[in-house]
Protein chains: 2
Amino acid sequence: MTMDRRVLVPIERPFVTVDLVILTVRNDRLEVLLVRRPATTGEPYPGLWALPGGFIDVGQDATLEDCARRKLREKTGVESPYLEQLGSYGSASRDPRGWSVTQVYFALIPDEGIALRPGGNADTAAWWSIPEGSTNLGMDLAFDHAALLTAALERLRSKVEYTSLPAFLLPREFTLPELQRAYEIVLGREVEKSAFRRRVLDAEVIRKIPKKTRLTERRPAQLYRLKDEANLKTFARAFGQGKRGG
Amino acid sequence: MTMDRRVLVPIERPFVTVDLVILTVRNDRLEVLLVRRPATTGEPYPGLWALPGGFIDVGQDATLEDCARRKLREKTGVESPYLEQLGSYGSASRDPRGWSVTQVYFALIPDEGIALRPGGNADTAAWWSIPEGSTNLGMDLAFDHAALLTAALERLRSKVEYTSLPAFLLPREFTLPELQRAYEIVLGREVEKSAFRRRVLDAEVIRKIPKKTRLTERRPAQLYRLKDEANLKTFARAFGQGKRGG
DNA sequence: ACTAATAAGTGGCACTATCCCACTCAACAG
DNA sequence: CTGTTGAGTGGGATAGTGCCACTTATTAGT
């Protein structure tokens with residue numbers, strides 16, 4: 001950033017928040033975590049559902065991402081999710097209280113051991129199911145949150161085409177059919193089994209768990225785990241890596 | 001965003017800025033626009049080069065993007081660039097004056113009719129050449145701007161693999177060899193002519209200009225123009241669009 | 001004029017990832 | 001033992017790309 005030296009402290013600062021689009025796969029559906037706005041008079045959008053989020057605590061949060069992690073932890077107890085910045089949205093009109101900027105993050109977490117914790121202001125938190133193939137919930141959300149959710153879903157869908165993202169929606173150990181199903185749920189369309197397996201296995205993003213196999217109704221399936229949970233990998237080829245190096 | 005109702009006006013708000021990574025192709029190189037920080041005492045990073053940017057003017061700018069466009073216009077006179085949000089960077093330490101958040105945009109503009117205009121505070125503005133294949137300038141910049149520049153270059157490179165972005169670095173009318181060269185400059189590697197042409201033409205992102213042809217030293221080349229300058233197109237295939245729809 | 005040089009533009013074959021379909025394999029139910 | 005179901009494999013058809021050789025259009029030089 002660069003400061004305009006004529007105005008060391010600008011007369012009016014926009015206020016800054018962090019909002020989270022927390023997604024998981026539950027009940028064979030993609031679901032998003034929402035919180036209910038307090039019904040208190042004076043509050044904007046009372047009683048409406050909204051994305052979880054809030055102010056940056058300049059005393060507590062060292063960085064924007066820290067702030068997002070803290071809020072996620074407070075709401076779900078999840079410590080190490082897949083967390084990515086979606087973008088920031090700022091305007092004079094998006095919040096009736098004044099010029100505001102929100103930094104939106106989206107998190108992918110597995111549906112295991114999640115205990116929803118009401119926030120300090122006793123929010124009601126709940127999972128909402130996203131219709132397959134849709135990029136919205138078909139209902140109003142507070143502020144511009146419906147648009148933020150749509151942006152997150154579009155980003156997720158487009159990244160899924162060429163990354164291993166859906167693995168973060170599953171428990172640490174999963175089978176290939178489960179992973180395939182996660183792709184299908186996110187993409188909203190069927191995926192061909194044989195091509196899917198080759199693609200995923202050739203990309204070497206997951207590794208077989210030696211002797212383990214899960215007992216189910218039918219033939220047991222091989223279990224896998226993400227190779228490097230920190231970095232998500234990219235498949236597909238693109239422009240022509242060529243053979244002359246680059 | 002969601003406001004914590006216990007604190008309607010938080011005690012301390014971070015300050016918010018917008019910074020720009022303005023790129024063009026000049027002199028057969030990718031170049032970035034930088035401004036020099038004032039040498040005034042009390043200013044952070046006096047005399048160092050920085051990305052152009054500054055505070056949001058809550059009275060003038062309706063949205064973040066408006067703010068970015070305004071600053072670009074003020075610096076270069078360019079009205080309709082390719083403009084994309086890169087992300088936001090916020091922390092307690094990135095600016096010595098306090099907790100700050102910057103919204104970084106990157107703009108691609110053609111090198112035609114650009115008159116660099118010194119900012120209101122008489123900044124010195126200049127184009128800096130980025131070494132081919134590099135993601136930095138090899139010198140210090142003010143604040144965390146070196147990191148922001150690197151992020152912008154990485155984003156540009158990765159998007160170039162599957163989009164028509166480099167067309168925005170050229171004048172409205174260009175030849176295929178010129179476009180190919182722009183790709184090569186951005187990617188930092190050579191691109192095969194025949195494959196490049198097929199790829200670009202098949203993607204139908206550019207259209208032939210009927211009878212025009214440019215007079216050069218050798219055989220004249222066909223001129224093209226972007227089909228839809230608003231939306232950039234994506235090539236490449238990805239996960240399996242299949243034929244069952246989706 | 002004719003020829004050489006240079007860059008624009010075209011065409012074809014090999015390679016490879018995907019699509020799609022058929023097949024085998026391992027467990028369970030009756 | 002047989003049928004059913006879902007896991008896992010294999011192969012031919014298709015399509016985008018890498019690579020390379022070829023043709024075309026123009027200028028410079030003799």
Side-chain angles (χ1 to χ4, degrees), chain A residues 28 160-164 170 173-184 187 189-224 233-246, chain B residues 28 160-164 170 173-184 187 189-224 233-246:
Chain A
D28 207 46
V160 159
E161 299 282 356
Y162 58 96
T163 64
S164 53
L170 299 175
E173 303 184 348
F174 52 83
T175 68
L176 277 183
E178 284 167 354
L179 183 59
Q180 180 181 342
R181 185 64 195 133
Y183 272 86
E184 292 177 340
L187 288 172
R189 69 165 191 266
E190 288 188 352
V191 167
E192 210 283 324
K193 181 172 57 168
S194 176
F196 175 81
R197 296 179 142 259
R198 249 175 311 164
R199 184 190 174 83
V200 171
L201 292 174
D202 290 355
E204 302 195 343
V205 291
I206 61 178
R207 74 161 196 278
K208 201 179 283 192
I209 298 177
K211 55 195 188 306
K212 287 194 190 178
T213 293
R214 179 178 297 171
L215 256 305
T216 49
E217 309 157 350
R218 304 298 171 204
R219 175 178 176 176
Q222 175 64 50
L223 283 171
Y224 292 85
K233 280 261 185 96
T234 297
F235 320 68
R237 52 182 174 170
F239 213 166
Q241 308 306 328
K243 277 167 188 167
R244 326 178 222 176
Chain B
D28 207 45
V160 160
E161 300 280 358
Y162 58 95
T163 64
S164 53
L170 299 176
E173 303 184 349
F174 51 85
T175 69
L176 277 182
E178 284 167 355
L179 183 59
Q180 181 181 342
R181 185 64 195 133
Y183 271 86
E184 291 176 343
L187 289 172
R189 70 166 191 265
E190 287 188 354
V191 167
E192 209 282 324
K193 181 172 57 165
S194 178
F196 175 80
R197 295 177 144 258
R198 252 176 309 170
R199 185 190 173 81
V200 171
L201 292 176
D202 289 355
E204 302 194 343
V205 291
I206 61 179
R207 73 160 196 278
K208 203 180 281 191
I209 298 177
K211 56 197 189 304
K212 286 196 192 176
T213 293
R214 179 177 297 171
L215 256 304
T216 49
E217 309 157 351
R218 303 300 171 200
R219 176 177 176 177
Q222 175 64 50
L223 284 170
Y224 291 85
K233 281 263 184 93
T234 296
F235 318 66
R237 51 181 173 170
F239 214 165
Q241 307 307 326
K243 276 167 190 166
R244 322 178 228 177

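So you know, we letter chains A, B, ... as the sequences are listed, proteins then strands, and number each from 1. Note: hydrogens, waters and symmetry copies are ignored here, and every other heavy atom, side chains too, is used.
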Any donor-acceptor N/O pair under 3.5 Å between dA8(C) base and R219(B) side chain: yes

Among [options], which is the nearest nucleotide to the side chain of [X]?
X	options	answer
E192(B)	dC20(D), dG8(D), dT18(C)	dC20(D)
R198(B)	dA7(D), dC19(C), dC19(D)	dC19(D)
P220(A)	dA26(C), dT18(C), dT17(D)	dA26(C)
R218(A)	dG9(C), dT17(D), dC28(C)	dC28(C)

Rounded distance in Å - [atom1] ([X]) to [atom2] ([N]):
X	N	atom1	atom2	value
Q180(A)	dG8(D)	CD	P	11 Å
R199(B)	dA15(D)	CZ	P	17 Å
E161(B)	dG18(D)	CD	P	10 Å
L176(B)	dT24(D)	CG	P	19 Å
Q222(A)	dA26(C)	CD	C1'	14 Å
E184(A)	dG6(D)	CD	P	13 Å
F196(B)	dA7(C)	CZ	P	18 Å
K193(A)	dC23(C)	NZ	P	14 Å

E161(A) bridged to R189(A) by N-O distance under 4.0 Å: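 Looking at E161(A) and R189(A), the cut-off is met.
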
Output field: ring centroids Y183(A)/F196(A) closer than 6.0 Å: yes

Residue whose closest nucleotide on DNA chain D lies nearer the 5' end, P177(A) versus S194(B): P177(A)

Comparing L201(A) and D202(B) on DNA chain D - which has the more 5′ nearest nucleotide: L201(A)

Residue-phosphate contact under 4.0 Å: R197(B) side-chain N/O, dT10(C) OP1/OP2: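 Answer yes for this pair, as a side-chain N or O of R197(B) is under 4.0 Å from OP1 or OP2.
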
Ring geometry between Y162(B) and Y162(A) (parallel below 30°, tilted from 30 to 60°, perpendicular above 60°): tilted

Main-chain N/O of V191(A) paired to Q180(A) side chain as donor or acceptor, under 3.5 Å: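 Yes; at least one donor-acceptor contact below 3.5 Å.
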
Over all atoms of both residues, closest heavy-atom pair of E178(B) and E173(B): OE1-O, 4.5 Å

